[in-house]
Amino acid sequence: MTAAVQQIFNGSLMQQPIGAAYDATKINRGKHTGQFNLGPGQVDKFVGPAPLGVANFGESSLAIVSSFVHPIKITDDLFWVFGADGSNPAATRRVQLWTWVPSTNTYTFVGAITLTFPTATNHTVRGFRAILENYTTGTVGVSGTAVTGTGTGWNTGLSVGSRIGFGSTDPNAITTWYQISAIGSDTSITLAASAGTIAAGTPYVIQDLMLVHANTNATVTNGGLFITKGLQYADFQNPAFPVPVATTVDKIKATYWLRDAATITNDVIGGCALGDRDSWTQQYVYATEGAASSLQLYRYNIRAPLTPTAGAFTLTGTDIVITGAQTVSGTISQLNNGRVGTLQHGPGAGVPCIYLFTSTRILRVPLANVVAGSTTFVADSMAEVVPGGTNTQIAGGTFVGLDIAGSLDKLVIVGPASSGVIYVTDYYTGGQQIDRRAGALTMHLPSALRDTDLPIYVHSVGTNVPVVWVEDGWLFYIYSVGTTSNINALTVYPLAADADFQADVSNRVILPQITLGAAAARFYRVMVNAAQNIGDWAMGVAPDAYRVQVRTSGIADNSGAWVDVPADGDLSGVSSAASIQFGLLFRTAGVIMLPARILSLAVLYETDDALPSQYQWNGSDWNQANGTFAWVQAVLFGATPGVHTIEIYRADTNALVLTQTSSGTTNGTFENWNGSAWVAGIGADTVGRRRRFVPTGSLPSGVDLYAKVMVA
């Protein structure tokens with residue numbers, strides 16, 4: 001008979017935590033997908049890509065408008081998100097900190113700091129980076145506020161004001177942190193509060209948090225590159241905690257000015273691309289110079305030991321490298337310009353490079369090309385060639401943002417909001433078309449005061465300039481760098497959940513196996529219920545596409561290959577099995593950047609109880625074209641098999657459409673395989689004997705049928 005099994009994704013099914021081992025009995029999620037419960041609504045409970053929430057920077061309790069963000073991944077399920085002050089130019093600049101938890105889609109405002117710079121004239125932030133490093137070398141013993149190290153090197157690179165935790169080298173295992181108030185030597189630290197007594201030989205971790213600002217200034221020679229040292233999570237408070245300007249002491253909680261000369265020449269700075277830390281005394285930042293078509297690059301060692309005067313220090317030697325000027329196509333952007341990365345494709349495959357952008361080009365600069373005085377450091381460039389050509393899509397015409405999605409080996413390029421352009425693409429230099437265009441232009445606001453019947457999704461708003469950062473496959477998207485508070489908001493989007501990136505980042509949702517007991521005689525169809533609209537009917541938005549996949553083998557150990565299910569859910573081509581499992585893939589890099597939500601799933605199949613216990617259905621001998629049903633003997637009857645009767649039913653109404661006994665031939669013929677041919681009759685009581693019924697009576701067309709066989 002026809003049976004059905006359903007799975008409802010309302011939280012009743014167990015799911016594995018992010019990163020956990022595969023379990024065939026649970027929902028298996030990727031980093032960017034899973035089962036979610038957002039509220040009481042029917043479409044609030046689902047499986048799919050992570051939902052979108054919003055952090056309203058300009059409308060938070062401190063209402064700090066932020067131009068740029070720098071997220072730092074703490075765990076797969078926790079990010080710290082730093083935002084740089086984008087409000088009107090001022091002598092001080094604030095930095096805010098939010099936490100974001102992907103599994104619950106929770107954004108929490110932590111607090112902010114206020115930075116005072118060595119130059120007190122009005123600053124505009126052009127580039128921003130946050131850097132978190134963990135130091136775990138050696139072991140410690142503690143007595144009160146005195147920490148003694150063994151095999152440690154604390155006096156090189158670490159800063160007073162940072163935090164230290166004891167008992168583990170994993171910062172996520174630390175429950176109590178202590179502020180460092182002094183670093184006396186490589187083996188001596190003083191704490192701001194007593195940590196009691198801790199035995200020598202204990203593991204520990206110091207978290208070193210720095211900020212980098214690339215600023216222009218109302219007094220042009222008061223801008224350039226600034227770093228803030230000695231920070232920790234607890235400094236971000238509400239109201240904002242003041243961080244002073246440095247004076248004559250290095251490596252304390254303060255802001256320093258790294259000058260390229262006594263009177264700076266990097267006065268039209270446009271970004272601060274961050275290189276990897278080479279050591280605790282060397283890490284390079286690459287800053288652009290120029291706002292027209294004449295580009296220079298400045299390489300600063302932000303970990304160079306300093307002997308500052310009034311918080312400023314002029315770098316020399318290899319700590320500062322300045323190229324000559326190279327003419328480039330387009331206008332050089334000052335919007336957080338530049339990202340260091342190593343793509344695994346294109347002309348820069350495997351080569352650490354800076355990727356920059358002008359209004360009309362993406363530029364590639366190998367790090368090795370950043371040489372003093374060079375005027376040929378740009379290796380090649382990429383122009384905008386729209387997917388499908390200009391008869392298919394209108395070009396954005398201008399690039400306004402760029403980042404590298406390292407886990408996807410892609411560039412993410414943003415066009416002007418008026419075009420709604422977000423490109424996700426390989427880096428091309430030969431005039432090839434860009435791979436993918438995503439996103440749209442709408443008038444929907446992400447404001448905290450919006451009508452909540454309007455869903456949050458990634459889109460461009462009016463003529464505002466958006467900015468992006470991609471971290472671990474998540475697209476961090478600020479709708480506007482302007483000072484209008486109701487559109488200065490951050491959405492974090494599961495870009496890597498797109499089906500096209502499945503080979504790079506495993507984000508298939510694998511549903512729990514469905515166990516049917518005895519092997520199903522035949523699978524008919526899978527029916528999936530998905531949200532057709534998110535929000536109300538007036539302002540709701542239809543989500544993007546998804547695909548259903550199926551397998552009946554390799555379920556227990558996740559080794560089985562997946563097969564796409566046709567759009568109508570037809571499973572007639574799936575072989576009979578005692579278990580079946582479904583997987584889901586999604587489109588996230590699409591025009592409507594609002595992922596699908598799968599609410600429930602049901603599978604229709606024919607059960608083995610439509611046969612006597614001596615038989616099993618034999619799909620290999622079925623013939624769908626003429627309605628032939630087939631089965632094979634698995635167990636002896638112990639005597640000559642009796643008269644057989646077959647009943648054939650419509651699957652949609654369960655109406656009987658044909659019946660026939662093996663003693664007659666009015667509506668068809670019972671046959672058995674004698675080893676070389678099909679012959680009429682039931683045949684001998686033999687295990688392995690194949691039997692079938694070939695109908696001659698009229699059967700309805702265009703509907704699914706199922707059968708029952710009985711033996712007298």
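All values reported here derive from a predicted model rather than from experimental measurement.
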Enquirer: Tell me whether the centres of the aromatic rings in Phe476 and His70 are closer together than 6.0 Å.
Expert: no

Enquirer: Can you check side-chain hydrogen bond (donor to acceptor under 3.5 Å, both in side chains) on Tyr423 and Glu384, steps first, answer last?
Expert: CA-CA 10 Å; Tyr423 292 131; Glu384 182 184 25; 2.5 Å; yes

Enquirer: Any idea which heavy atoms bring Pro347 and Thr429 closest together, and the distance?
Expert: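 Distance-wise, the nearest heavy atoms are CG-CG2, 3.9 Å.
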
Enquirer: At their closest point, which heavy atom of Ala496 faces which heavy atom of Asn507, and how far apart are they?
Expert: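 So the minimum-distance heavy-atom pair works out to O-ND2, 3.2 Å.
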
Enquirer: Are Arg303 and Asp278 ion-paired here, with the side-chain N under 4.0 Å from a carboxylate O?
Expert: no

Enquirer: If you compare all heavy atoms of Cys353 against all heavy atoms of Arg364, which two are closest, and at what distance to 0.1 Å?
Expert: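 Here Cys353 and Arg364 meet closest at SG-NH1, 3.4 Å.
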
Enquirer: Are Asp260 and Thr265 close enough that a side-chain donor and a side-chain acceptor fall under 3.5 Å?
Expert: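 On atom types as modelled, these side chains qualify, holding a pair under 3.5 Å.
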
Enquirer: Please list all pairs meeting salt bridge (charged side-chain N to carboxylate O under 4.0 Å, His left out) that have one or both residues in residues 397-413, counting only residues at least two apart or in different chains.
Expert: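 Found Arg339-Asp403, Lys410-Asp426, Lys410-Asp435.
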
Enquirer: Work out which heavy atom in Val509 is nearest to a heavy atom in Gly34; give both atom names and the distance.
Expert: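 Nearest heavy atoms, Val509 then Gly34: CG2-N, 4.3 Å.
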
Enquirer: Could you check whether any side-chain heavy atom of Ile478 comes within less than 4.5 Å of a side-chain heavy atom of Phe68, counting everything from C-beta outward?
Expert: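 No, too far: nothing below the 4.5 Å cut-off.
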
Enquirer: Is there a side-chain contact between Ile72 and Ile74 in this structure, where contact means two heavy atoms from C-beta onward sitting under 4.5 Å apart?
Expert: yes

Enquirer: Measure the shortest side-chain to side-chain distance between Thr216 and Gln334 over non-hydrogen atoms and say whether it is less than 4.5 angstrom.
Expert: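 In contact.
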
Enquirer: Side chains of Asn222 and Val220: closer than 4.5 Å at any heavy-atom pair?
Expert: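 Of all side-chain heavy-atom pairs linking Val220 with Asn222, none is under 4.5 Å.
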
Enquirer: What residues form a side-chain hydrogen bond (donor to acceptor under 3.5 Å, both in side chains) with Trp257, not counting sequence neighbours?
Expert: none

Enquirer: Check whether any side-chain heavy atom of Asn301 sits under 4.5 Å from a side-chain heavy atom of Thr318, and report yes or no.
Expert: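 No, side chains not in contact.
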
Enquirer: Do Asp77 and Ser103 get their side chains close enough for a donor-acceptor pair, meaning under 3.5 Å?
Expert: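 On atom types as modelled, these side chains qualify, holding a pair under 3.5 Å.
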
Enquirer: Over all heavy atoms of both residues, which pair between Gly388 and Gln433 is shortest? Give the atoms and the distance, please.
Expert: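 Gly388 and Gln433 have their closest heavy atoms at N-OE1, 2.8 Å.
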
Enquirer: Return the minimal non-hydrogen interatomic distance between Leu594 and Pro455, and the atom names on each side.
Expert: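 Closest approach of Leu594 to Pro455: CD2-CG, 4.4 Å.
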
Enquirer: Less than 6.0 Å separating the ring centroids of Tyr135 and Trp280?
Expert: yes

Enquirer: Looking only at side chains, do Asn266 and Glu289 share a donor and an acceptor under 3.5 Å apart?
Expert: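 Distance-only check passes for Asn266 and Glu289.
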
Enquirer: Around atom CG of Asp276, are there more than 12 heavy atoms from other residues, nucleotides or ligands closer than 6.0 Å?
Expert: no

Enquirer: Evaluate the ring planes of His32 and Trp474, with Trp represented by its six-membered ring, and classify them as parallel (under 30°), tilted (30 to 60°) or perpendicular (over 60°).
Expert: tilted

Enquirer: Please assess Arg437 against Gln393 for the test side-chain hydrogen bond (donor to acceptor under 3.5 Å, both in side chains), listing each intermediate value before the final yes or no.
Expert: CA-CA 9 Å; Arg437 183 171 184 167; Gln393 301 198 52; 3.2 Å; yes

Enquirer: Could you tell me whether Tyr107 and Trp98 have their ring centroids closer than 6.0 angstrom?
Expert: no

Enquirer: Could you pull out all residues at least two apart from Thr228 that satisfy side-chain hydrogen bond (donor to acceptor under 3.5 Å, both in side chains)?
Expert: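 Here the qualifying residues are Thr255.
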
Enquirer: Inspect the contact between Asp250 and Lys229 and indicate whether a charged nitrogen and a carboxylate oxygen are less than 4.0 angstrom apart.
Expert: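 Yes.
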
Enquirer: Nearest 0.5 Å please: distance from the OG atom of Ser506 over to the NZ atom of Lys31.
Expert: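 Taking OG in Ser506 and NZ in Lys31, the distance rounds to 10.5 Å.
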
Enquirer: Check this for me: does any side-chain nitrogen of one of Glu133 and Arg277 sit under 4.0 Å from a carboxylate oxygen of the other?
Expert: yes

Enquirer: Determine, using ring centers only, whether Tyr427 and Tyr355 are less than 6.0 Å apart.
Expert: yes

Enquirer: Ring-plane angle category for Tyr284 and Tyr286, please: parallel below 30°, perpendicular beyond 60°, tilted otherwise.
Expert: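 Perpendicular.
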
Enquirer: So, Thr136 and Asn134: side-chain donor and acceptor under 3.5 Å apart, yes or no?
Expert: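 No, because no side-chain N or O of Thr136 sits under 3.5 Å from a partner of the opposite role on Asn134.
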
Enquirer: How about Phe399 and Phe357: are their ring centres within less than 6.0 Å of each other?
Expert: no

Enquirer: Do you see a donor-acceptor pair shorter than 3.5 Å between the side chains of Arg129 and Asn336?
Expert: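 Judged by distance alone, the side chains do pair up.
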
Enquirer: Verify the distance criterion only: is there a donor paired with an acceptor across the side chains of Arg508 and Gln549 at less than 3.5 Å?
Expert: yes

Enquirer: Quickly, which of Leu495, Leu475, Val458 forms a side-chain contact (heavy atoms from CB on, under 4.5 Å) with Val468? Name it, please.
Expert: Leu475

Enquirer: Answer with yes or no whether the side chains of Ser66 and Gln96 bring together a donor and an acceptor at under 3.5 Å.
Expert: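 On atom types as modelled, these side chains qualify, holding a pair under 3.5 Å.
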
